[in-house]
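As the structure is a prediction and not an experimental result, all values here were calculated from the model. For this chain, numbers begin at 1 and follow the sequence in order.
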Amino acid sequence: MTWEYALIGLVVGIIIGAVAMRFGNRKLRQQQTLQHELEKSKAELEEYRLELTGHFARSAELLDNMADDYRQLYQHMAKGSSSLLPNLPGEENPFHYRLTEAEADNDQIPAGMQPRDYPESASGLLRTTRPPRK
């Protein structure tokens with residue numbers, strides 16, 4: 001009988017020791033805490049990404065609508081200026097450039113209206129005449 005009590009005591013002691021080690025280990029608790037924080041951060045990051053994607057999709061839609069509205073406004077003003085001011089020469093008409101339907105569907109600025117990144121004449125070392133000194 002004493003062997004049985006000793007064996008039962010040993011098994012119960014091992015179980016109690018394993019449970020105490022499992023819940024008493026600080027590093028394991030710290031690891032579990034860090035794992036929980038990591039999962040929480042991943043979930044927050046994914047939520048932020050979804051929110052950001054939705055924001056940019058809505059912004060793109062609004063910008064597209066705004067571009068269409070401006071294009072329609074310009075076409076309206078160009079038609080109005082040509083019908084209300086028929087005798088005005090093209091250069092004096094503020095809306096002398098009229099958008100065709102193909103250009104209205106194209107979102108790019110016409111080549112003649114794009115700003116250039118270079119001056120009309122030579123400048124710097126390539127200039128042939130010197131500017132007067134002040």
Side-chain angles (χ1 to χ4, degrees):
M1 200 61 160
T2 57
W3 285 96
E4 292 172 354
Y5 290 129
L7 188 60
I8 292 173
L10 179 65
V11 171
V12 170
I14 290 174
I15 292 173
I16 291 173
V19 169
M21 286 296 291
R22 176 86 172 132
F23 293 111
N25 193 350
R26 282 186 295 161
K27 287 187 178 182
L28 184 60
R29 281 186 292 178
Q30 186 180 21
Q31 181 184 6
Q32 289 173 343
T33 303
L34 289 175
Q35 183 69 27
H36 177 69
E37 288 177 11
L38 176 65
E39 290 171 1
K40 182 181 174 186
S41 296
K42 283 183 179 180
E44 288 175 356
L45 179 62
E46 186 61 30
E47 181 182 335
Y48 177 72
R49 284 182 180 164
L50 290 174
E51 184 179 327
L52 194 62
T53 301
H55 168 75
F56 282 122
R58 178 71 176 137
S59 297
E61 180 183 335
L62 289 173
L63 284 172
D64 190 40
N65 291 343
M66 189 172 68
D68 288 340
D69 290 344
Y70 277 122
R71 191 175 301 114
Q72 288 175 3
L73 176 65
Y74 184 86
Q75 288 174 345
H76 170 75
M77 295 299 287
K79 287 178 185 177
S81 69
S82 65
S83 65
L84 294 174
L85 302 170
N87 298 332
L88 193 62
E91 292 78 29
E92 292 180 16
N93 189 343
F95 296 98
H96 68 279
Y97 180 80
R98 293 189 181 91
L99 295 175
T100 62
E101 287 300 320
E103 291 170 333
D105 291 336
N106 187 2
D107 288 340
Q108 297 178 354
I109 299 173
M113 297 181 71
Q114 287 182 344
R116 293 180 296 181
D117 59 350
Y118 56 89
E120 285 289 329
S121 62
S123 64
L125 294 175
L126 300 176
R127 185 174 32 219
T128 56
T129 61
R130 293 184 178 212
R133 291 191 171 201
K134 296 180 181 179

Partners passing side-chain hydrogen bond (donor to acceptor under 3.5 Å, both in side chains) against [X] (at least two apart in sequence or in another chain):
X	value
Arg58	Glu61
Glu51	none
Glu46	none

Decide side-chain contact (heavy atoms from CB on, under 4.5 Å) for Leu73 and Asp69; before the verdict, give the C-alpha distance in whole Å, the side-chain angles of both, and the deciding distance to 0.1 Å.
-> CA-CA 6 Å; Leu73 176 65; Asp69 290 344; over 6 Å; no

Could I get the full list of side chain to side chain contact (heavy atoms under 4.5 Å, CB included) partners for Gln31, not counting sequence neighbours?
-> Leu28

Separation of Leu7 CG from Thr2 OG1 (nearest 0.5 Å) | 11.0 Å

Verify same cluster id: Tyr70, Leu63 (apolar side-chain graph, 4.5 Å) | yes

My understanding is that a hydrophobic cluster links ILVMFWY residues whose side chain heavy atoms are under 4.5 Å apart, including indirect links. Using that, what else belongs to the cluster containing [X]?
X	result
Phe56	Tyr48, Leu52
Ile14	Leu10
Val12	Ile8, Ile16

Any Asp68 side-chain heavy atom under 4.5 Å of Arg71 side chain | yes

Exercise answer: donor-acceptor pairs, residues 34-41 side-chain atoms, under 3.5 Å, sequence neighbours excluded:
unit_1	atom_1	unit_2	atom_2	d
Gln35	NE2	Glu39	OE2	3.3
Ser41	OG	Glu37	O	3.0

